[in-house]
Structures are given as C-alpha cells and as structure tokens.
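Take a look at the structure below.
Fair warning: this is a prediction, and the values are worked out from it, not measured in the lab. Side chains are part of it too, since the values below use all heavy atoms of this structure and drop only hydrogens, waters and symmetry mates.
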Amino acid sequence: MAYILCIETSTTNCSVALANGEEVIGLIEDYDSTYSHAERLHNFIDKVIKEAGLTPKDLSAVSVSKGPGSYTGLRIGVSAAKGLCYALDIPLLSVPTLHSLALQVSQENDSYIVPMLDARRMEVYSAVFTNTYEEIRKTEAEILIDTSFEAYLQEKKVYFIGNGVEKFSAICSDANAVFIQNKLPSANEMAMLSYPKFLKKDFEDVSYLDPYYLKDFVTG
C-alpha cells in the first residue's frame, strides 16, 4: 500500500485528499470565495488522516499541486508539504495544477480540454489537452481576446474549465466552445498523477522545490 497525501491550494479551494495508490479514500475541501488556507489546511490534513484510521507515520509520500495559481496559496501548500516530508522523512511529489484540473473533464468524444485559471484582469493561465489528457500546448499566461483558442475551436469541441471560464465565456460565442462553470482544482484528481510518479520514484528535492508561479510576483 502507498498512502499519498495530496494538497491543492492554488486557488480559493483549500483541498486535501488521502489516496491509497490511485484510489482516493478521503477528501476534505472548502470552496470558499476567500483564501482560508492558512487557517484550514493543517486542520484538514489532520482530519483526513484520522478519518482514514491512520497516523502521519503511515504516509508513503506527500504530493502538492505546484501551480500556476495564487502566489500566496501555492506558497502555503508547498511549505506545508515540505514540512511534512522533512518531519516524516518521506518523498515529495508535485503535479501540474492545470493537468490535474483537466482530469475533471470526462469526455469520450474527440475533443480538446482547456483548463484555465484566473490571473487577474483579462489574463489567464491555461494549457491545452486532448480528451485523453495528453498535453499538446504547454502552460502559458495569456490575455484573452474573442479569438483566443480559435485554431482549436475550428477543429472540434473545446471544453473550458476553471475559474478563468467566466471571463472567456463573456467574449467567446463559438459554437464549439463548451464552458464548465464553477470548477476549481481539487486534490481529488491529484492521485491519478501522483501515484505513477511515486512508482517511478520521480521525487522532488525537498530543499529546492519552488511553486510554479509562471509570472513574477508584482505588488498591487
């Protein structure tokens, strides 16, 4: 058995899951409209482990969503994951936030999936995946216009998901665009990416892992 604790804090959803391999056996999250990670994250970690009848010493690894996303949220999640790995002497895993978000779209028909996260104003972080979750365009920060993703929309259906969807749905009227509203990255999907990395021993250096901010932090 490989018990992997998954931590997702890249948006306002403070989310913690416990997985046995790829099977999620516990999930606690808070879809709040504000960032509550500093107050809730460690309580969620304690609770999800206890509810599974385990202790921290039973964990095989910790996996963290590495970004892009909120600067503060990512720092809190990565710091918590590092602290646990140091204290328990277990491996640290990281998964790309947008890849994990794309896994929330289950679509058998040939299509594209575009997870997009709000990056303020009309900018989003996004990537493009096939319906089998193969990344075909890397993560980018881009300013949305009405012709964004036009090349993909001309080919087939495109499913947009994440908290950047509201911005794009207001300016895109393409018939091939499908907007999935009110979805945020969750630790629930992280196990599908974390466990294969665990088997391959694709671990992070606990001392040097930094969140994937994509853009430099600018104070307001």
Inset, instruction - Report yes if the side chains of S15 and N188 come closer than 4.5 Å at any heavy-atom pair, otherwise no. - result: no
Legend entry - Within-4.5 Å side-chain heavy-atom neighbours: E29 and C14: no
Inset, instruction - Please round to the nearest 0.5 Å and tell me the distance separating atom OH of Y125 and atom CG of N163. - result: 11.0 Å
Inset, instruction - Go through the structure and list residues passing ring pair (Phe, Tyr, Trp, His ring centres under 6.0 Å) with Y3, not counting sequence neighbours. - result: none
Legend entry - Path from I7 to F44 over hydrophobic side-chain contacts below 4.5 Å: yes
Legend entry - Shortest non-hydrogen contact from T97 toward S65: OG1-OG, 2.6 Å
Legend entry - Inter-residue atom distance I45.CD1 - L5.CG, 0.5 Å rounding: 5.5 Å
Inset, instruction - Name all residues meeting the salt bridge (charged side-chain N to carboxylate O under 4.0 Å, His left out) criterion together with K156; count only those two or more places apart in sequence or in a different chain, and write none if there are none. - result: D110
Inset, instruction - With sequence neighbours left out, write down each residue that passes salt bridge (charged side-chain N to carboxylate O under 4.0 Å, His left out) with D58, or none if nothing qualifies. - result: none
Legend entry - Verdict with reasoning, E189 to Q104, per side chain to side chain contact (heavy atoms under 4.5 Å, CB included): CA-CA 7 Å; E189 285 72 39; Q104 293 189 34; 3.5 Å; yes
Donor-acceptor contacts under 3.5 Å from residues 168-176 side chains, at least two apart:
unit_1: S169; atom_1: OG; unit_2: V165; atom_2: O; d: 3.1
unit_1: S169; atom_1: OG; unit_2: E166; atom_2: O; d: 3.1
unit_1: D174; atom_1: OD1; unit_2: N176; atom_2: N; d: 2.8
unit_1: N176; atom_1: ND2; unit_2: L153; atom_2: O; d: 2.7

Legend entry - By side-chain contact (heavy atoms from CB on, under 4.5 Å) - contacts of Y35 (at least two apart): T12, H37, S70
Listing, residues 190-201 side-chain donor-acceptor contacts under 3.5 Å, not counting sequence neighbours, or none:
unit_1: S194; atom_1: OG; unit_2: S63; atom_2: OG; d: 2.7
unit_1: S194; atom_1: OG; unit_2: M190; atom_2: O; d: 2.8
unit_1: K197; atom_1: NZ; unit_2: S94; atom_2: O; d: 2.7

Legend entry - Cluster overlap L54 with L41, hydrophobic side-chain contacts below 4.5 Å: yes
Name the atoms and distances for all side-chain donor-acceptor pairs under 3.5 Å in residues 143-150, with sequence neighbours left out.
unit_1: S148; atom_1: OG; unit_2: I145; atom_2: N; d: 2.9
unit_1: S148; atom_1: OG; unit_2: I145; atom_2: O; d: 3.1

Legend entry - Same apolar cluster (I L V M F W Y, side chains within < 4.5 Å links), V105/F129: yes
Inset, instruction - Could you tell me which residues satisfy salt bridge (charged side-chain N to carboxylate O under 4.0 Å, His left out) with D46, sequence neighbours excluded, listed by chain and number? - result: none
Can you give each donor-acceptor pair under 3.5 Å made by side-chain atoms of residues 76-93, sequence neighbours left out, with the distance rounded to 0.1 Å?
unit_1: S79; atom_1: OG; unit_2: R75; atom_2: O; d: 2.8
unit_1: K82; atom_1: NZ; unit_2: L209; atom_2: O; d: 2.6
unit_1: Y86; atom_1: OH; unit_2: S207; atom_2: OG; d: 2.9

Inset, instruction - Check L214, T139, L101, I161 against L117 for a side chain to side chain contact (heavy atoms under 4.5 Å, CB included) and give me the one that passes. - result: L101
Inset, instruction - Check whether more than 12 heavy atoms from other residues, nucleotides or ligands sit under 6.0 Å from atom CD of E39, and answer yes or no. - result: yes
Legend entry - Verdict with reasoning, S186 to L27, per side chain to side chain contact (heavy atoms under 4.5 Å, CB included): CA-CA 9 Å; S186 169; L27 174 68; 4.3 Å; yes
Legend entry - E22 side, atom CD; I4 side, atom CD1 - distance, nearest 0.5 Å: 9.0 Å
Inset, instruction - Could you tell me which residues satisfy side chain to side chain donor-acceptor pair (under 3.5 Å) with E142, sequence neighbours excluded, listed by chain and number? - result: S126, R137
Inset, instruction - Mind checking salt bridge (charged side-chain N to carboxylate O under 4.0 Å, His left out) for K167 and listing every partner two or more places apart, or none if nothing turns up? - result: D118
Legend entry - Value rounded to 0.5 Å, distance of CD1 in I113 from NE2 in H99: 9.0 Å
Inset, instruction - To the nearest 0.5 Å, tell me how far E140 CD sits from E123 CD. - result: 11.0 Å
Legend entry - Single-linkage hydrophobic cluster, 4.5 Å side-chain cutoff, V158 and V128 together: yes
Legend entry - Any residue meeting ring pair (Phe, Tyr, Trp, His ring centres under 6.0 Å) with Y152, in chain and number order, not counting sequence neighbours: Y112
Inset, instruction - Compare all side-chain heavy atoms of I28 with those of N43 and state whether any distance is below 4.5 angstrom. - result: no
Legend entry - Euclidean distance, Y159 OH relative to N131 CG, rounded to 0.5 Å: 9.0 Å
Inset, instruction - Establish whether V114 and I136 are linked, either directly or via other cluster members, by ILVMFWY side-chain heavy-atom contacts under 4.5 Å. - result: yes
Legend entry - Closest contact, heavy atoms only, S10 versus L74: CB-CD2, 3.7 Å
Inset, instruction - Might you point out which heavy atoms bring A52 and L18 nearest each other, and give the distance in Å? - result: CB-CD2, 3.5 Å
